[in-house]
> 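Dropping a structure here in structure tokens format, bear with me for questions.
Labels below follow one simple rule: chain letters A, B, ... track the order of the sequence lines, proteins then strands, and each chain is numbered from 1.
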Number of protein chains: 2
Amino acid sequence: METLRALAEPHRFQIVDLLLEGPRPVGDMVTQLGLRQPQVSKHLRVLSDAGLVDVRVDAQRRIYALRPMRFQELEVWLEKYRRLWEGNFQRLDALLDEMKTDEKKHGRTKR
Amino acid sequence: METLRALAEPHRFQIVDLLLEGPRPVGDMVTQLGLRQPQVSKHLRVLSDAGLVDVRVDAQRRIYALRPMRFQELEVWLEKYRRLWEGNFQRLDALLDEMKTDEKKHGRTKR
DNA sequence: AACGTATATGCGTGTCAAGGAATATTTAAA
DNA sequence: TTTAAATATTCCTTGACACGCATATACGTT
């Protein structure tokens, strides 16, 4: 998922977390994050290509803001994993275990 | 977040999605994904180091299974972003806009 | 003990992407 | 129309890492 690749970079992760507080021009992020301007612009480019942010032009400044969709998609994907901690999972573990020991004890028990 | 870095790699993403169907030995994944065994082992190492999976030894085989915690953490993080699509957000956008035009029109309106 | 099976690890290589510095681009202001 | 401010882009270098191949390790079987 391209979303993950974009978010995996620590600085981009920071940028996104910053933008959660609201839309911001590039310069703001530069000072807040202590990065160099070109680097921030590049990261924003990646985030933009990944559909995580969009830009609004305001004179010389570009105001970047988060775009919900990709985050929403991420949550949808993650929902599949919720059953991991909502019990009744990993029961298959024991199941596979039985199948294996069965084979060992009586050889090919199935079919 | 290390979790994201681990998941960002496409093959590891596939592996995790495979493990969602239940714990599996390495060989299974090798055939299912069409990757070479050493590569799968390496990816599993990364996933393991990231806390996303754990191993259970079964004779020569190693049964890998998903570990809930990191996914849970990911969801907690993602929850902060839910307000993005649950309305009443990006209102700050307009707010900043006003501040800016205010300054232009009358200069320093605040304080 | 020897061999086979399943998995892990080490090493060399190529690729890709992040950082740095310089420069281009855009728009406002004088 | 020159200058300044804000941001984007280009080129270069370097480090990380995914892959392939070979090999090591662990365990079971004969």
> Once you round to the nearest 0.5 Å, how far does NE2 of His11(A) lie from CG of Leu35(A)?
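Between atom NE2 of His11(A) and atom CG of Leu35(A) there are 4.5 Å.
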
> Whole angstrom is fine here: how far is it from CG in Leu7(B) over to P in dA18(D)?
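Nearest whole value for this atom pair: 12 Å.
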
> What string of B, S and - do you get for nucleotides 7-15 of chain D 5' to 3' if you count protein non-hydrogen atoms under 4.0 Å?
BBBBB----

> Report the distance from atom CG of Leu47(B) to atom P of dC17(D), rounded to the nearest whole Å.
14 Å

> Rounded to the nearest 0.5 Å, how far apart are OG1 of Thr31(B) and CZ of Arg24(B)?
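It comes to 9.5 Å.
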
> Just verifying a value: how many Å separate Leu47(A) CG and Leu66(A) CG, rounded to the nearest 0.5 Å?
9.0 Å

> Would you kindly give the CE-to-C1' distance between Met29(B) and dA6(C), to the nearest whole Å?
12 Å

> Can you tell me the distance, in whole Å, between the CG atom of Leu35(A) and the C1' atom of dA6(D)?
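So the CG-C1' distance, Leu35(A) to dA6(D), works out to 17 Å.
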
> Does Arg5(B) have a side-chain nitrogen or oxygen under 4.0 Å from the phosphate oxygens OP1 or OP2 of dA16(D)?
no

> Using a strict threshold of under 4.0 Å (side-chain N to carboxylate O), is an ion pair present between Arg70(B) and Glu73(B)?
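Between Arg70(B) and Glu73(B) there is a salt bridge, with a charged N closer than 4.0 Å to a carboxylate O.
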
> Round to a whole Å and report the spacing from CG of Asp58(B) to C1' of dA6(C).
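Answer to the nearest Å: 11 Å.
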
> If every non-hydrogen atom of Val30(B) is compared with every non-hydrogen atom of Gln37(B), which pair is closest and at what distance?
CG2-CA, 3.7 Å

> Does any donor atom in the side chain of Asp17(B) or Tyr81(A) lie under 3.5 Å from an acceptor atom in the other side chain?
yes

> Let me know, please, whether His43(A) or Val57(A) comes out on the 5' side of the other along DNA chain C by nearest nucleotide.
His43(A)

> Mind calculating the distance between CZ (Arg36(B)) and C1' (dT9(C)) to the nearest angstrom?
17 Å

> Find the distance Leu33(A):CG to dA18(C):C1' and express it as a whole number of Å.
15 Å

